[in-house]
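If you're wondering where the values come from, they're calculated on a predicted model, not measured in any experiment. We name chains A, B, ... by the order of the sequence lines, and we start the count at 1 in each one.
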Amino acid sequence: MVLPVRRPEPARAALRARRLPRSFYARDALSVARDLLGKLLVHRGRGGTVAARIVEVEAYRGPEDRAAHTYGGRRTPRNEVMWEREARLYVYFVYGIHFCANVVAGGVGVPEAVLLRAAEPLAGLAIARDRRGPGARDEHLMRGPACLCKALGLDGAHNGADLLRGPLGLLDAPPVPDAEVGRGPRIGVDYAGDHAARPWRFWVSGSPAVSRPRPAPGAQVS
DNA sequence: AGGAAGATCCGCT
DNA sequence: GCGGATCTTCCTG
């Protein structure tokens, strides 16, 4: 009699990885953004755990970045978390409907962050589907910053959440090689003048979960 | 005190 | 491709 062979489940193995150390976050947002590609975002919430592989991010670089909430050194109740210690989550509300989540980079007084724009669902698919409702294909459950938050159950209550402890975490995973990294201008920041053209958006080429796989026509891609 | 715009998504045409 | 939904935040007067 042949025993049923339980093939090692890739997600389970991946979720055993350690959390990224604080030093990972204590760098400029561009480096953190690039290196976040391929890492795993995990939320152990009520109803179970949802995990995802990050495939699209954007760097927001503090006071000098016209597209950032902290442009010009503005410090407000909303963006307060960006000014504090790195390795926390900055969640804000947009368009009266959606939440977007950022990973705080830099350090105390260095208000930089990385917007999480898209991810590939890895575990907790049933929960993610339920949160998103009918209509979305699995590979699109977390395509776009607001969709990502919804599928992972992130909202304003998670603003300031520590990523080194507690139910929210970022786990280490193999780096995405340069050859597979796409780069281009950020989305939805046309108001930022010349800063809008800066190629501070990074994505994993070929991932079906990337929200906009191609850079805008004529955009500088470097 | 008021208003304008927003780091978006989805459905319809 | 376009626009509506929906409300917080911040700047101006």
d([atom1], [X]; [atom2], [N]) in whole Å:
| X | N | atom1 | atom2 | answer |
| --- | --- | --- | --- | --- |
| A:Leu141 | B:dT8 | CG | P | 19 Å |
| A:Tyr71 | C:dT9 | OH | C1' | 18 Å |
| A:Met82 | B:dA7 | CE | P | 12 Å |
| A:Tyr95 | C:dA5 | OH | P | 16 Å |
| A:His98 | B:dG6 | NE2 | C1' | 11 Å |
| A:Arg186 | B:dT8 | CZ | C1' | 16 Å |
| A:His140 | B:dC10 | NE2 | C1' | 14 Å |
| A:Arg137 | B:dC9 | CZ | P | 18 Å |

OP1 or OP2 of [N] under 4.0 Å from side-chain N/O of [X]:
| X | N | answer |
| --- | --- | --- |
| A:Arg143 | B:dC9 | no |
| A:Arg201 | B:dA7 | no |
| A:Arg78 | B:dG6 | no |

Going by ring centres under 5.5 Å and near-parallel planes (under 30°), is A:Tyr60 stacked on B:dA7?
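A stacking contact exists, since A:Tyr60 sits close and nearly parallel to the base ring of B:dA7.
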Side chain of [X] only, please: which of [options] is the nearest?
| X | options | result |
| --- | --- | --- |
| A:Ala146 | C:dA5, B:dT8, C:dC10 | B:dT8 |
| A:His69 | B:dA7, C:dT8, B:dT8 | B:dA7 |
| A:Phe93 | B:dC10, C:dC11, C:dT8 | C:dT8 |
| A:Cys147 | B:dA7, B:dT8, B:dC10 | B:dC10 |
| A:Thr76 | B:dA7, B:dC9, C:dT9 | C:dT9 |

Across all strands shown, which nucleotide pairs with C:dT6 by Watson-Crick or G-U wobble geometry, both distances under 3.5 Å?
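Matched C:dT6 with nothing under the 3.5 Å cut-off.
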For C:dG1, the Watson-Crick or wobble counterpart (both distances under 3.5 Å)
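The answer is B:dC12, by the H-bond criterion.
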If you measure from the Lys or Arg side-chain nitrogens to the Asp or Glu carboxylate oxygens, is any gap between A:Asp28 and A:Arg34 under 4.0 Å?
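No.
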Between A:Asp35 and A:Arg27, is the closest basic N to carboxylate O distance under 4.0 Å?
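Salt bridge present between A:Arg27 and A:Asp35.
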Once you apply a heavy-atom cut-off of 4.0 Å, does A:Arg66 come out as touching a base, just sugar-phosphate, or nothing?
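Result for A:Arg66 = nothing.
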For A:Ala67, answer base if it contacts any base atom (sugar-phosphate contacts may also be present), sugar-phosphate if it contacts only those atoms, and nothing otherwise; contact means non-hydrogen atoms under 4.0 Å.
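The residue A:Ala67 makes base contact.
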Please state the C1' separation for the pair C:dG3 and B:dA5 - nearest whole angstrom.
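Per the computed distance, 16 Å lies between those C1' atoms.
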Between the base of B:dA7 and the side chain of A:Tyr92, is there a donor and acceptor pair under 3.5 angstrom?
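Answer yes: a donor N or O sits under 3.5 Å from an acceptor.
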So, for A:Ala33 and A:Val57, which heavy atoms are closest and what is the spacing to 0.1 Å?
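Minimum heavy-atom separation between A:Ala33 and A:Val57: O-CG2, 3.3 Å.
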Locate the shortest heavy-atom distance separating A:Tyr60 from A:Val189; write the atom from each residue and the value.
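The pair with the smallest heavy-atom distance is OH-CG1, 3.6 Å.
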Does A:Arg19 count as lying over the ring of A:Phe24, i.e. NZ or CZ under 6.0 Å from the six-ring centre, within 45 degrees of the axis?
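Ring-cation test returns no.
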Rounded distance (nearest 0.5 Å) linking atom CG of A:Leu116 with atom CG of A:Leu148
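A:Leu116 atom CG to A:Leu148 atom CG measures 6.0 Å (nearest 0.5 Å).
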